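Written out below as structure tokens is the structure these notes cover.
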Amino acid sequence: MIALRGVTKRFGDNAVLRGVDLEAKAGEFLVVLGPSGAGKSTLLRCMNRLAQPDAGAMTIAGLDVIAGTRAADLRELRRRVAMVFQHHHVVPRLSVVKNVLTGRLGAVSTWSSVLQLFRAADVALALECLDRVGLADKADARTDSLSGGQMQRVGIARALAQRPQVILADEPVASLDPHTARQALGYLKQACRELGITVVCNLHQVDYAKEFGDRIVGLSQGRVLFDRLPGELTEAELNELYAGGAGRPGHAGLQLIEPVIVEDKRKSACQR
Ligand SMILES: Nc1ncnc2c1ncn2[C@@H]1O[C@H](COP(=O)(O)OP(=O)(O)OP(=O)(O)O)[C@@H](O)[C@H]1O
Ligand SMILES: [Mg+2]
């Protein structure tokens, strides 16, 4: 489903991807870990051609991503490959189901999309996708009435409604608390497993990577440092991965906070 060979990408003097090889089968949930600046987002952006790779070969969902440069090639790529972002990118004042239906825009005619005319089958699909992420009862609610975790699940439902072959998720749970984050990743993984969608998911939390990844790829300074089954991954490999970067992040949901000497307890309680 995904095959990358020697993919490189530079921004000026900055060689961000330095020959990335990567493979994923249909239905696989691949997690990419790596320190800040390793090139994780750039890799995903190259995979759906939001960024243009400089060299290498890339086949995704049966399409030659690098050679197919016509507008029609790009449209087809974006139809087969859905994105899920950290900041869900939903339209707050639209209803939940309308947000999910925007995932169908690539599959309907221009006039239908301008007039927001969706077929009954598209609406049924949107409702099914909402059901998959546990939000069937919120279909008619305004999206800005939902919590952050629920909005992220709307983003996942919208990606599923696209009927993609691949989902690229860039830190999809970075802004969620641990319970909500695990719930969202669980919904994403279950839907993909049942529908045979391949997922490439950038994460900063090693715990989530081990819990949800079928495979874990470590990206360091634009190169694949390791490609492992979760059970195979060693502490030494993780330490090496984060050695050159900002350091290894704490366990999921825990932040390392400098100890603070609190003199006025009442005041500090108010500030919390
Ligand atoms: N559009 C751009 N123009 C110039 N440099 C860029 C651009 N996008 C990314 N970079 C650079 O590429 C490098 C990798 O960035 P990228 O966002 O891919 O890292 P990342 O692994 O996703 O980091 P993080 O974990 O912080 O999200 C960084 O040095 C960044 O400054
Ligand atoms: Mg990033």
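Both counts, for ligands and for their atoms, begin at 1 and track the order of listing. Being a predicted model, the structure only gives us computed values, none of them experimental.
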Hey, looking at [atom], which of [options] has the closest heavy atom?
atom                    : options            : answer
atom 27 (O) of ligand 1 : E171, Q86, K40, K9 : E171
atom 31 (O) of ligand 1 : L50, T42, N14, V32 : N14
atom 20 (P) of ligand 1 : G12, G34, G37      : G37

Write out the residue and atom name of the closest protein heavy atom to [atom], then the distance separating them to 0.1 Å.
atom                    : answer
atom 17 (O) of ligand 1 : S41 CB, 3.7 Å
atom 6 (C) of ligand 1  : F11 CD1, 3.3 Å
atom 12 (O) of ligand 1 : V16 CG2, 3.2 Å
atom 24 (P) of ligand 1 : S36 OG, 3.6 Å

- For ligand 1, which atoms, with element, lie under 4.0 Å from some heavy atom of G39?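 The atoms of ligand 1 under 4.0 Å from a heavy atom of G39 are 14 (C), 18 (O), 19 (O), 20 (P), 21 (O).
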- Task: Check each atom of ligand 1 against the heavy atoms of P35 and keep those under 4.0 Å away; list them by number with element.
- Result: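 Close to P35: 21 (O).
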- Item | Check ion pair R104-D122 (N to O, under 4.0 angstrom) |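 Yes, R104 and D122 are salt-bridged.
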- Message: In terms of relative ring orientation, are F85 and H89 parallel, tilted or perpendicular, with 30° and 60° separating the classes?
- Response: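 Ring orientation, 0 to 90° scale: parallel.
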Any donor-acceptor N/O pair, [X] side chain to [Y] backbone, under 3.5 Å:
X    : Y    : answer
Q152 : H87  : no
R78  : R49  : yes
E237 : T234 : yes
K138 : V97  : no

- For atom CZ of R80, decide whether the heavy atoms of other residues, nucleotides or ligands shown that lie under 6.0 angstrom number more than 12.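 Enclosed: over 12 neighbouring heavy atoms sit under 6.0 Å from CZ of R80.
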- Message: Does R163, at its CZ atom, have more than 12 non-hydrogen atoms belonging to other residues, nucleotides or ligands within less than 6.0 Å?
- Response: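 No, the 6.0 Å shell around CZ holds no more than 12 heavy atoms from other groups.
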- Message: Looking at ligand 1, would H204 count as a contact under a 4.0 Å heavy-atom criterion?
- Response: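 It does; at least one heavy atom falls under 4.0 Å.
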- Examine all N, O or S atoms of T42, backbone included, and report whether one is under 2.8 Å from the Mg ion (ligand 2).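 Not a single backbone or side-chain N, O or S atom of T42 is under 2.8 Å from the Mg ion (ligand 2).
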